[in-house]
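Right, one structure below, let's go through it.
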Amino acid sequence: MADLTAFEAARVTDRVSAWMVELDHSPVSLFAHTLGEHAALLITRVLAAGPDVLHRSARPPLGTLLNVWRPLMRTAIPC
């Protein structure tokens with residue numbers, strides 16, 4: 001189970017990284033980087049949970065997610 005989880009985490013990390021590079025000079029680059037950081041947080045939590053990910057949530061704390069999304073929210077919603 002741990003090998004499969006690590007394999008899938010590496011595969012998703014590589015694809016998200018490639019996607020972020022591909023969209024780096026586009027109008028959605030900030031969104032792509034924010035989504036990539038969000039995915040990295042989730043992957044880190046899944047790897048830390050190990051096999052217990054089948055029985056408990058692997059969500060990062062809300063404050064951590066807000067810190068990732070806050071710069072995007074501030075550019076999208078003028079204060």
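We number each residue from 1, following the sequence as shown.
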**OP:** Keeping to residues at least two apart or across chains, list the side chain to side chain donor-acceptor pair (under 3.5 Å) pairs with something in residues 53-66.
**Re:** Ser57-Arg59

Original post:
Hydrophobic cluster mates of Leu47, side-chain heavy atoms under 4.5 angstrom, ILVMFWY only, any path?
Top reply: Val12, Val16, Trp19, Met20, Leu23, Val28, Leu30, Phe31, Leu35, Leu41, Ile43, Leu62, Leu65, Leu66, Val68, Trp69, Leu72, Met73

**OP:** Can you tell me which residue pairs pass the side chain to side chain donor-acceptor pair (under 3.5 Å) test with a partner in residues 27-37, sequence neighbours excluded?
**Re:** Asp24-His33

